[in-house]
Amino acid sequence: MNQHRPRQASPPAESLERFAAEKLAALEAQHLRRRLEETARADGVQVVRGGRPMISFSCNDYLNLSNHPAVVAAAKAALDKYGAGAGASRLVTGNHPLYAELEGKLARMKRTEAACVFGSGYLANIGIVPALMGEGDLIVLDELGHACMHAGARLARATVMLFPHNDIETAGALLAEHRPRHRHCLILTETVFSMDGDRAPIAGLARLAAAHDAWLMTDDAHGFGVLPASERDDYDMVPLKMGTLSKAVGVYGGYLCASRAVVELVENRARSFIYTTGLPPPAVAAASAALDAIENTPGLAGAPLAKARLFTDRAGLAPAQSSVVPVVLGAAERALEASRALADQGFLVVAIRPPTVPENTARLRIAFSAGHEDADVIRLAEAVRAILPN
Ligand SMILES: *Cc1c(COP(=O)(O)O)cnc(C)c1O
């Protein structure tokens, strides 16, 4: 009776509504307001947005594994066997049998003793950094490091110093000056930078780390599966290999590959590992099957880089260093216009604006996947050439 009556909406708090409306209006005025656009992805390439079929160059599913038949089948089988959710934190009862297999594969592929899987890459970074660093410690971080590296560094309550992007010399000067006054030191960078597509000087940073007794951690979100093994020799010099299962692996989750002791310490201390529910079994099974596909398909890892190089060659740009090619246009409005112009030709290339990238560097971020047809890559290169600043 009473409980079947439709409930009254809660009354809006006037100051709250005003706050939200004013903030949104300010973003709108700067061309920085973002909106969720419904996007149906049939694979990593063909999408439908606003009723319009488009070819996406904005997905991080670099190997198109999110829809790979073996990956989907593994998810379905896990769903039938273990259900839709983990039921608890991994340290309680959420550590279902699929985790050991996934972590074993990750450790093997990354050539470390052990691995631990987090709920996402974001959760991994905000958990690992404070698990290793605290007050009295020093974190030296590339200024273009991902938002979750900055968040992890803040949560650690350590001294945080940023060095200019990929500038080993300045990083070295910071270490020389500040390292002696701190107990432990962590150097943080990405292997491949998410918005610029360039690579970190890993070997140089590893040498700095050795010289200053610092620990080097890299975020491999855009390197794994994208760069061929032949271009990753320096990666073995990194003791803390963090990454995500949400990009080239095509599913969801994050990880740290490191020594057994470090992994066990992180499992004991990382709050975003301890106080959150385990991943759904289908996600873990799917990621595991995706790793098999990467290992067992010759030439798959590295294919996105080849597509990106075809693009930069045809567009007259410097050779791509990864699957991500930025076209920096400056003002947010210009990036939005360029994105709309490409949309009119059937290409989905999302404009990336501050605060995701620094002020006045709004850009098109073009992401290539193994599944792109060469003909489409070439057509896009011609379309981009036409809008490039001269
Ligand atoms: C996407 C990304 C993350 C976050 O990974 P998720 O699994 O999506 O949470 C972390 N670091 C970098 C560099 C990324 O690009």
Side-chain angles (χ1 to χ4, degrees), residues 34 39 41 44 57-63 65-66 71 102-103 106 110 115-130 139 141-155 162 165-166 186-200 202 205 216-227 235 238 240-257 266 270-273 276-280 282-284 286-288 290-291 304 308 321-326 350 352 355-358 363 365-369:
R34 302 173 187 208
T39 308
R41 292 190 337 120
F57 286 91
S58 284
C59 297
N60 299 324
D61 186 9
Y62 299 121
L63 301 176
L65 290 173
S66 67
V71 173
L102 175 60
E103 290 174 340
L106 278 170
K110 295 273 181 169
C116 68
V117 167
F118 285 75
S120 72
Y122 197 105
L123 289 172
N125 272 334
I126 64 166
I128 298 162
V129 178
I139 298 174
L141 165 60
D142 188 293
E143 63 182 352
L144 293 189
H146 192 266
C148 59
M149 303 184 104
H150 287 269
R154 273 206 204 180
L155 286 171
L162 305 184
H165 180 50
N166 278 350
L186 184 68
I187 302 175
L188 282 177
T189 192
E190 299 184 17
T191 55
V192 168
F193 282 81
S194 58
M195 296 299 142
D196 292 76
D198 58 344
R199 302 188 203 172
I202 304 280
L205 289 171
L216 177 60
M217 171 163 149
T218 57
D219 180 332
D220 199 30
H222 301 274
F224 187 58
V226 167
L227 303 180
Y235 192 51
V238 179
L240 296 161
K241 296 174 167 142
M242 175 273 163
T244 176
L245 302 170
S246 323
K247 286 169 182 154
V249 181
V251 190
Y252 198 58
Y255 58 83
L256 174 68
C257 293
V266 164
R271 298 175 69 83
S272 60
F273 180 86
T276 188
T277 302
L279 278 166
V284 177
S288 200
L291 292 182
Q321 294 183 45
S322 72
S323 56
V324 173
V325 177
V350 175
I352 307 287
T356 305
V357 291
R363 67 194 65 186
R365 172 190 182 270
I366 311 179
F368 294 89
S369 82

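Bear in mind the structure is a predicted one, so any value in this text is a computation, not a measurement. Positions are given from 1, in the same order as the sequence printed here. Counting starts at 1 for both ligands and their atoms, following the listed order.
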Counterpart residues, salt bridge (Lys or Arg N to Asp or Glu O under 4.0 Å), relative to D196 (two or more places apart):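 With sequence neighbours excluded, D196 shows a salt bridge (Lys or Arg N to Asp or Glu O under 4.0 Å) to R363, given in chain and number order.
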Less than 4.5 Å apart, any side-chain heavy atom of N166 and any of F193?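 N166 reaches F193 side chain to side chain.
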Answer yes or no: is there a side-chain heavy-atom contact under 4.5 Å between V238 and I202? yes
With S272, which residues qualify under side-chain contact (heavy atoms from CB on, under 4.5 Å), at least two apart?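 S272 satisfies side-chain contact (heavy atoms from CB on, under 4.5 Å) with F118, L123, I126 only.
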Residues in the immediate environment of ligand 1 (any heavy atom closer than 4.0 angstrom):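 For ligand 1, the residues that come within the 4.0 Å heavy-atom cutoff are S120, G121, Y122, H146, C148, E190, S194, D219, A221, H222, T244, S246, K247, G253.
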Cut-off 3.5 Å, side chains only: do T356 and R365 have a donor facing an acceptor?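 There is no such pair (donor and acceptor under 3.5 Å, judged by atom type) between the side chains of T356 and R365.
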Which pairs of donor and acceptor atoms, one on a side chain in residues 219-227, lie under 3.5 Å apart (sequence neighbours left out)?
residue	atom	partner	partner atom	Å
D219	OD1	A221	N	3.0
D219	OD2	N125	ND2	3.0
D220	OD1	T191	OG1	2.6
D220	OD1	R232	NH2	2.6
D220	OD2	K110	NZ	2.7
D220	OD2	F224	N	3.4
D220	OD2	R232	NH1	3.1
D220	OD2	R232	NH2	3.2
D220	OD2	Y235	OH	3.3
H222	ND1	Y62	OH	2.7

